[in-house]
Novice: 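Quick one: the structure is below, and I'll ask about it shortly.
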Amino acid sequence: MRSFGGCRAGSRLLVVHATSTGARAGLPPRVGFVVSKAVGGAVVRNRTKRRLRALVAQRLDGIPASVDVVVRANPLAGQASSRELEQALDPLLRRVVKGLGGVA
């Protein structure tokens with residue numbers, strides 16, 4: 001997502017990419033997840049993805065309309081607790097939304 005108007009923020013557990021385009025003006029935000037095999041086996045990857053999906057679902061109101069977000073799990077995310085993922089996700093989401101000119 002390295003396009004004009006995009007923003008990225010990362011930590012040791014996660015990287016959050018966001019972009020906003022006029023083509024999606026007024027539409028609800030979209031969120032995608034990338035959890036590669038480097039995170040762990042299928043069980044670990046799916047558990048990590050479920051945890052991230054639940055955390056982002058609770059924060060959808062803080063993501064402005066017409067914004068696309070991708071949350072990428074780094075290898076250490078597979079061993080992290082839900083609380084650790086939450087502590088990593090919150091500041092990253094705030095940073096990318098602020099970087100796009102939105103209010104988090």
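No experiment lies behind these values; they were computed from the predicted model shown. Every heavy atom of this structure was used, including side-chain atoms; hydrogens, water molecules and symmetry mates were not.
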Novice: Please find the pair of heavy atoms, one from V39 and one from V44, that lie closest to each other, and give the distance.
Specialist: O-CG1, 3.7 Å
Novice: Any link between L92 and V15 through a network of hydrophobic side chains (Ile, Leu, Val, Met, Phe, Trp, Tyr) touching at under 4.5 Å?
Specialist: no
Novice: Who passes side chain to side chain contact (heavy atoms under 4.5 Å, CB included) against A38, sequence neighbours left out?
Specialist: S36, P75
Novice: Measure across P64 and P29 and return the closest heavy-atom pair with its distance rounded to 0.1 Å.
Specialist: O-CB, 3.7 Å
Novice: Tell me every residue that passes side chain to side chain contact (heavy atoms under 4.5 Å, CB included) with R51, counting only those two or more places apart in sequence or in another chain.
Specialist: R47, S82, L85
Novice: Of the non-hydrogen atoms in T48 and A73, which two are nearest, and what is the gap between them?
Specialist: CG2-CB, 4.2 Å
Novice: Does V34 reach the side chain of V71, with side-chain heavy atoms less than 4.5 Å apart?
Specialist: no
Novice: Strictly by side-chain hydrogen bond (donor to acceptor under 3.5 Å, both in side chains), give each pair with a member in residues 54-64 just once, sequence neighbours left out.
Specialist: R59-E86, R59-D90
Novice: Does G40 offer a backbone N or O that forms a donor-acceptor pair with the side chain of R45 under 3.5 Å?
Specialist: yes
Novice: Between Q87 and R83, does a side-chain contact (heavy atoms from CB on, under 4.5 Å) hold up when you go through it step by step?
Specialist: CA-CA 6 Å; Q87 289 172 341; R83 181 71 178 143; 3.5 Å; yes
Novice: Closest heavy-atom contact between F33 and R53?
Specialist: CZ-CA, 3.6 Å
Novice: Is it true that L14 and L60 fall in one hydrophobic cluster, defined by side-chain heavy atoms closer than 4.5 Å?
Specialist: yes
Novice: Which pairs count as salt bridge (Lys or Arg N to Asp or Glu O under 4.0 Å) when at least one residue sits in residues 27-37, sequence neighbours excluded?
Specialist: R30-D68
Novice: What pairs with L76 under side chain to side chain contact (heavy atoms under 4.5 Å, CB included), at least two apart in sequence or on another chain?
Specialist: R12, L13, Q79
Novice: Side-chain heavy atoms under 4.5 angstrom apart, residues restricted to Ile, Leu, Val, Met, Phe, Trp, Tyr: same cluster for L89 and I63?
Specialist: yes
Novice: Run the side-chain contact (heavy atoms from CB on, under 4.5 Å) check on V16 and V69 step by step: do they pass?
Specialist: CA-CA 7 Å; V16 178; V69 175; 3.8 Å; yes
Novice: Looking only at heavy atoms, what is the nearest atom pair of S11 and A88, with distance?
Specialist: OG-CB, 3.9 Å
Novice: L100 and A18: which non-hydrogen atoms are nearest, and at how many Å?
Specialist: CD1-CB, 3.6 Å
